[in-house]
*Asks:* 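Structure incoming, see below.
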Amino acid sequence: MKFWLLKSEPDVFGYADLMAAGTEAWNGVRNYQARNFLRQMQVGELCLFYHSSTRPAGVAGVARVVRAAYPDDLQFDGSSPYFDARSKPDSPSWSMVDVAAVAALPHFQTLDALRTKPELSGLRLLQKGNRLSVLPVSAEEFRIIVEAGGLSLDRLLVGPGEVLSS
DNA sequence: GCCAACGTTGGC
DNA sequence: GCCAACGTTGGC
């Protein structure tokens with residue numbers, strides 16, 4: 001079981017939008033390292049949903065992977081900003097996963113708050129120059145963040161596929 | 001709006 | 001393969 005962090009700009013698609021949608025295709029990732037992480041994701045794994053390019057930036061909620069990596073259809077859509085003319089249908093360059101809302105953090109975890117915790121000093125999100133939109137998070141880091149946010153990791157881990165309310 | 005960090009592109 | 005130019009990300 002691995003844990004992840006997904007970045008999104010809330011002005012474009014925030015955690016509230018994921019809750020409203022229920023499930024969403026996580027498409028448009030156009031960075032090879034991030035793509036490789038997407039391809040490692042397995043159904044049932046949990047993700048922190050991080051709001052970037054906003055004030056304050058921080059973790060807003062938890063999502064679950066509900067479909068493993070499959071070809072991102074936008075790469076073949078000439079009208080999409082994510083179109084990639086070099087990608088071939090028989091060997092797609094880019095992948096997406098489907099994620100579902102699990103629970104909003106009762107207490108939004110700001111970037112500043114994350115930075116003050118010594119146990120999170122290894123968190124990739126906090127490393128200098130980090131720009132990846134999909135990142136791995138250790139189990140312990142994940143636990144610290146969701147519990148600081150007011151959720152129980154043990155409760156999140158029971159009943160995969162089930163949407164919990166806080 | 002600024003700017004540091006970093007990925008990608010393309011000429012050579 | 002090198003590397004300068006350029007575009008993007010994202011915090012502030």
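We use all heavy atoms of the structure for the numbers below, so side chains are in, but hydrogens, waters and symmetry mates are not.
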*Asks:* Rounding to a whole Å, what distance do you find between A:N31:CG and B:dT9:C1'?
*Replies:*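 After rounding, the reported distance stands at 15 Å.
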*Asks:* What is the distance from CG of A:L111 to P of C:dT9, rounded to the nearest Å?
*Replies:*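 Going from CG in A:L111 over to P in C:dT9 covers 18 Å.
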*Asks:* Given atom CD of A:Q127 and atom P of C:dG11, what is their separation to the nearest angstrom?
*Replies:*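 Atom CD in A:Q127 sits about 14 Å away from atom P in C:dG11.
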*Asks:* Whole-Å distance between C:dT9 C1' and A:N130 CG?
*Replies:*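 Taking atom C1' of C:dT9 as the reference, CG of A:N130 is at 10 Å.
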*Asks:* Between A:Q33 (CD) and B:dC6 (P), how many Å, whole number?
*Replies:*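 Going from CD in A:Q33 over to P in B:dC6 covers 11 Å.
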*Asks:* Is any side-chain nitrogen or oxygen of A:K7 closer than 4.0 Å to OP1 or OP2 of C:dG10?
*Replies:*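 Indeed, a polar side-chain atom of A:K7 lies that close.
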*Asks:* Base, sugar-phosphate, or nothing: which does A:S52 touch, judged by heavy atoms less than 4.0 Å apart?
*Replies:*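 Result for A:S52 = sugar-phosphate.
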*Asks:* Is the CZ atom of A:F76 crowded by more than 12 outside heavy atoms at less than 6.0 Å?
*Replies:*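 Result for CZ/A:F76: enclosed.
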*Asks:* After noting the C-alpha distance and the side-chain angles of A:Y70 and A:W94, does the key distance pass the ring pair (Phe, Tyr, Trp, His ring centres under 6.0 Å) rule?
*Replies:* CA-CA 8 Å; A:Y70 61 108; A:W94 306 109; over 10 Å; no
*Asks:* Measure CG/A:L5 against P/C:dG10 and give the value in whole Å, please.
*Replies:*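 One finds 11 Å between P of C:dG10 and CG of A:L5, rounded.
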*Asks:* Examine B:dT9: is either OP1 or OP2 under 4.0 Å from a nitrogen or oxygen in the side chain of A:R86? Give yes or no.
*Replies:*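 Affirmative; the distance criterion is met.
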*Asks:* Whole angstroms only, please: what is the CG-C1' distance between A:L132 and C:dG10?
*Replies:*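 Distance check: A:L132 CG to C:dG10 C1' gives 13 Å.
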*Asks:* Roughly, in whole Å, what's the span from CZ in A:R55 to P in B:dC2?
*Replies:*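 Distance check: A:R55 CZ to B:dC2 P gives 16 Å.
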*Asks:* So which atom in A:K2 and which in A:Q40 form the shortest heavy-atom distance, rounded to 0.1 Å?
*Replies:*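 Reported closest heavy-atom pair: NZ-OE1, 3.5 Å.
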*Asks:* Looking at C:dC12, B:dC6, B:dT8, which one has an atom nearest to any side-chain atom of A:R131?
*Replies:*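 Out of C:dC12, B:dC6, B:dT8, the nucleotide with an atom closest to A:R131's side chain is B:dC6.
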*Asks:* Going by heavy atoms in the side chains, are A:V146 and A:Q109 under 4.5 Å from each other?
*Replies:*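 They are not in side-chain contact.
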*Asks:* Over 60° means perpendicular and under 30° means parallel, so tell me whether A:Y15 and A:F49 are parallel, tilted or perpendicular.
*Replies:*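 Perpendicular.
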*Asks:* Does a side-chain N or O of A:Y50 approach OP1 or OP2 of C:dT9 to a distance below 4.0 Å, or not?
*Replies:*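 The answer is no; no side-chain N or O of A:Y50 sits under 4.0 Å from OP1 or OP2.
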*Asks:* Within the 4.0 Å heavy-atom criterion, would you say A:R30 contacts the bases, only the backbone, or no part of the nucleic acid?
*Replies:*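 Nothing, no nucleic acid heavy atom in range.
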